[in-house]
Amino acid sequence: MIFFRWFVKFFSDYTNLALIAIALVSGGMLAWPVFKRGGRGLSTMEATQLINRKGAVVLDVRSGEEFANGHLPSARNVPLDDVEQKVAQVIKNKAAPVLIVCKSGQRSARAQTLLRNLGYAEAFSLQGGIAAWQEAGLPVVK
């Protein structure tokens with residue numbers, strides 16, 4: 001009962017309401033970039049723009065056999081299990097945008113998280129993977 005009275009008094013004070021509103025707005029602003037791009041991956045159109053306009057490095061995290069069956073033009077193959085050890089050899093500039101590709105988008109999303117933890121702030125996963133890329137009629141190289 002005492003807590004309830006304190007709770008009502010705290011939220012009825014206009015100064016506290018203003019502070020709460022400021023905290024909610026600033027928290028939302030901090031979380032916005034995560035909701036905007038971080039979790040969902042890029043569409044094929046966004047990925048194409050990232051490659052063409054910003055010169056993104058294309059990193060294919062599928063196995064060597066899958067990569068040999070068809071990949072995006074200029075893609076570099078580093079299987080997901082080897083990403084942590086080999087990515088620095090393939091992508092030397094951590095500020096460069098990176099488009100990560102796999103078969104369906106699952107492995108590339110994990111690789112995106114891994115790369116961002118390693119300091120690659122501009123790492124993006126291709127939503128739907130190479131399957132979505134091919135479905136959109138975009139070029140694949142063997």
Side-chain angles (χ1 to χ4, degrees), residues 3-142:
F3 176 75
F4 180 73
R5 282 190 215 153
W6 175 84
F7 187 78
V8 170
K9 184 178 180 331
F10 181 82
F11 281 98
S12 65
D13 186 350
Y14 291 114
T15 305
N16 292 338
L17 283 176
L19 293 174
I20 292 167
I22 290 170
L24 290 173
V25 169
S26 62
M29 290 172 65
L30 288 171
W32 177 251
V34 173
F35 294 125
K36 184 178 176 192
R37 287 216 189 218
R40 66 169 174 86
L42 298 180
S43 69
T44 54
M45 183 188 317
E46 292 169 319
T48 304
Q49 290 174 350
L50 187 69
I51 294 167
N52 292 338
R53 293 184 182 166
K54 293 190 175 183
V57 176
V58 180
L59 184 67
D60 194 315
V61 295
R62 297 176 297 154
S63 70
E65 296 81 32
E66 290 174 297
F67 183 79
N69 287 332
H71 56 273
L72 274 67
S74 74
R76 299 174 184 168
N77 183 232
V78 178
L80 181 60
D81 293 338
D82 300 334
V83 167
E84 195 167 5
Q85 294 80 24
K86 295 183 180 180
V87 72
Q89 297 167 0
V90 176
I91 307 169
K92 300 195 184 317
N93 181 2
K94 288 188 176 185
V98 181
L99 176 65
I100 310 159
V101 181
C102 69
K103 182 178 178 181
S104 65
Q106 302 264 335
R107 287 177 279 182
S108 60
R110 288 191 305 222
Q112 176 185 5
T113 301
L114 181 63
L115 286 178
R116 287 195 175 177
N117 289 339
L118 292 172
Y120 294 86
E122 292 288 316
F124 302 98
S125 171
L126 176 61
Q127 185 179 24
I130 195 159
W133 185 266
Q134 290 175 311
E135 189 176 305
L138 295 166
V140 174
V141 186
K142 290 189 179 188

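Numbering starts at 1 and runs along the sequence shown.
- Atoms CD and CG, on Gln112 and Asn117 in that order, are 10.5 Å from each other to the nearest 0.5 Å.
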Validation: residues 132-142 side-chain donor-acceptor distances under 3.5 Å, sequence neighbours left out:
unit_1 : atom_1 : unit_2 : atom_2 : d
Trp133 : NE1    : Pro139 : O      : 2.7

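- The two residues Ser108 and Ser125 have their closest heavy-atom pair at OG-OG, 2.6 Å.
- In this view, Glu65 and Ser63 satisfy the side-chain hydrogen bond (donor to acceptor under 3.5 Å, both in side chains) rule, not counting sequence neighbours.
- Considering only heavy atoms from C-beta on, Leu59 comes within 4.5 Å of Leu115 through its side chain.
- If you take OG1 on Thr44 and CD on Gln49, they are separated by 10.0 Å, rounding to the nearest 0.5 Å.
- Considering every non-hydrogen atom in both Cys102 and Val61, the closest pair reads CB-CG2, 3.8 Å.
- Residue Gln106 places its CD atom among 12 or fewer non-hydrogen atoms of other residues, nucleotides or ligands, all under 6.0 Å distant.
- Listed by chain and residue number, nothing satisfies the side-chain contact (heavy atoms from CB on, under 4.5 Å) test with Asn69 (two or more places apart in sequence, or in another chain).
- The side-chain contact (heavy atoms from CB on, under 4.5 Å) test applied to Asn52 returns Thr48, not counting sequence neighbours.
- Of all heavy-atom pairs spanning Ile100 and Ala123, the tightest one is CD1-CB, 4.1 Å.
- With sequence neighbours excluded, the residues that form a side-chain hydrogen bond (donor to acceptor under 3.5 Å, both in side chains) with Arg107 are Glu66.
- In this structure, Phe124 and Leu50 approach most closely via the heavy-atom pair CD1-CD2, 3.6 Å.
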Less than 3.5 Å apart, which donor and acceptor atoms pair up between the side chains of residues 72-85 and the rest of the protein, not counting sequence neighbours?
unit_1 : atom_1 : unit_2 : atom_2 : d
Arg76  : NH1    : Val90  : O      : 2.9
Asn77  : ND2    : Asp60  : O      : 3.1
Asn77  : ND2    : Arg62  : O      : 2.9

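- Counting only distance, with no hydrogens or angles, the side chain of Lys54 and the backbone of Ile51 share no donor-acceptor pair below 3.5 Å.
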